[in-house]
Amino acid sequence: MLLSYHQSNRNGIRNGKLPRKKMQSHPLSKRFTAMYEPFVTKFEEFTEDVRERLETSDSPVLNKIQASFSLPVFVDEVHEVIPPVLDAFFKSMASASPSQGSLLLQKQLKDLCKKPVDGFSAGLVDESNLFEWSVTIIGPPETLYDGGFFNAIMSFPQNYPNSPPTVRFTSEVWHPNVYSDGKVCISILHPPGDDPNGYELASERWSPVHTVESIMLSIISMLSSPNDESPANVEAAKEWRDNRDEFKKKVSRCVRRSQEWM
């Protein structure tokens, strides 16, 4: 008796049908369905045709082929190959299609290299990653931070410019609007839309029009004029209001340490 193809059920194969749902569950597969769908259809037609020929033919040659050739195993093996191949294909297509964010960042980097802006320098942490920048902010003249060179990492989300980056100082910075871990807290780095706490207007928060330059200039402005109304560092804000001499001492120490690292 010939081996029935209908008995094959490994890897979700039923009645000669490849499980399209599994393949189409890939996050990028919808974009490429038209590319592999004709292949899947042809493959199913081929396997069905071979099955019928093997089951109905009395040809000694075909019987000999059937005896040494397990169609269900063949189908299973092909199915095991298809998902990894598609996965590699999807990944290569994704990497070959730069996102809007990477294109914008590439342009901004090019512009800043051609025309540097006073007050800061910026570049990539790794040349292969446009979404992570290394920046150095020069302490604004005639402020407590004058003479300092404060390093920070600016990390952009994959959906930039729809969402803001995060900026985290790697240099020590004592400031009401800088968390103890170095993360900068200013309005334009907050997610777009209404402030759930009611402290900020939607127009003050993140907008896709902001660039690396506008963010850096806002941080420089923050160093010049701390906002102690909704502080990230409560102790620094309290010193800024009530004990300015102690605040100045701590900032001066930060400036000296930043100079030592240069």
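Bear in mind that the values here come from a model prediction, so they are computed numbers and not experimental data.
- Distance alone, capped at 3.5 Å, places no donor-acceptor pair between the S155 side chain and the T166 backbone.
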Requested in this report: Any chance you could lay out the salt bridge (Lys or Arg N to Asp or Glu O under 4.0 Å) test for K107 and D111, step after step, and finish with the verdict?
Outcome: CA-CA 6 Å; K107 183 181 184 304; D111 291 343; 2.9 Å; yes
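- Expressed to the nearest 0.5 Å, how far OG of S99 lies from CD of Q106 amounts to 10.0 Å.
- Residues that satisfy the ring-ring contact (aromatic ring centres under 6.0 Å, His included) test with H190, not counting sequence neighbours, are absent from this structure.
- The distance from atom CG of D228 to atom CZ of R241, rounded to the nearest 0.5 Å, is 5.0 Å.
- At least one donor-acceptor pair closer than 3.5 Å links the side chain of S218 to the backbone N or O of S214.
- The side chain to side chain donor-acceptor pair (under 3.5 Å) search around N159 returns S163, not counting sequence neighbours.
- The pair K250-E235 meets the salt-bridge criterion, since a charged nitrogen lies less than 4.0 angstrom from a carboxylate oxygen.
- Side chain of S258 to backbone of G148: no donor-acceptor contact under 3.5 angstrom is found.
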Requested in this report: Would you sort out whether F156 and V212 count as a side chain to side chain contact (heavy atoms under 4.5 Å, CB included), showing the intermediate values?
Outcome: CA-CA 10 Å; F156 294 86; V212 171; 3.6 Å; yes
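- The shortest distance between side-chain heavy atoms of D245 and N243 falls below 4.5 Å.
- Rounded to the nearest 0.5 angstrom, F150 CZ and L223 CG are separated by 7.0 Å.
- V251 and L144 get closest at one heavy-atom pair: CG1-O, 3.4 Å.
- In terms of heavy-atom proximity, A236 sits nearest to P176 at CB-N, 3.8 Å.
- Less than 6.0 angstrom separates the ring centroid of Y145 from the ring centroid of H175.
- Of all the heavy atoms in L112 and A122, the pair that sits closest is CD1-CB, 4.4 Å.
- Residues forming a salt bridge (Lys or Arg N to Asp or Glu O under 4.0 Å) with R253 (at least two apart in sequence, or on another chain): E172.
- Both M216 and L104 belong to a common hydrophobic cluster when Ile, Leu, Val, Met, Phe, Trp and Tyr are linked at side-chain heavy-atom distances under 4.5 angstrom.
- Counting only residues at least two apart or in different chains, salt bridge (Lys or Arg N to Asp or Glu O under 4.0 Å) contacts with residues 190-208 comprise D195-R205, E200-R205.
- Two different hydrophobic clusters hold Y179 and L189 under the rule that ILVMFWY side chains link at heavy-atom gaps under 4.5 Å.
- L103 and M154 are members of different hydrophobic clusters when ILVMFWY side chains are connected at heavy-atom separations under 4.5 Å.
- Between Y160 and W206, the angle of the ring planes lies from 30° to 60°, which puts this pair in the tilted group.
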Query - I137 and I220: CA distance, side-chain angles, deciding distance, side chain to side chain contact (heavy atoms under 4.5 Å, CB included) verdict - result: CA-CA 7 Å; I137 297 174; I220 292 171; 3.8 Å; yes
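- V125 belongs to a hydrophobic cluster whose other members, connected by ILVMFWY side-chain contacts under 4.5 Å either directly or through intermediates, are I153.
- Contact annotation: the side chain of P161 approaches that of Q100 to within less than 4.5 Å [non-hydrogen atoms, C-beta and beyond].
- What you find for L105 and W133 is that their closest heavy atoms are O-CZ2, 3.6 Å.
- Side-chain atoms of N177 come within 3.5 Å of backbone atoms of N227 as a donor-acceptor pair (strictly under, hydrogens ignored).
- For F131, there are no ring-ring contact (aromatic ring centres under 6.0 Å, His included) partners two or more places apart in sequence or in a different chain.
- A heavy-atom distance below 4.5 Å is not found between the side chains of F120 and I138.
- Judged by distance alone, the side chain of N197 and the main-chain N or O of Y199 form no donor-acceptor pair under 3.5 Å.
- Smallest separation of non-hydrogen atoms from S224 and T143: OG-CG2, 3.8 Å.
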Report task. Walk me through it: do I215 and I188 pass the test side chain to side chain contact (heavy atoms under 4.5 Å, CB included)? Result -> CA-CA 8 Å; I215 294 168; I188 68 166; 4.1 Å; yes
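- Side-chain atoms of E246 do not come within 3.5 Å of backbone N or O of E239 as any donor-acceptor pair.
- The neighbour count for D242 CG, taken as heavy atoms of other residues, nucleotides or ligands under 6.0 Å away, is above 12.
- In terms of heavy atoms, A232 sits closest to C185 at CB-CB, 3.8 Å.
- With rounding to the nearest 0.5 angstrom, the CG atom of N151 is 8.0 Å from the OG atom of S121.
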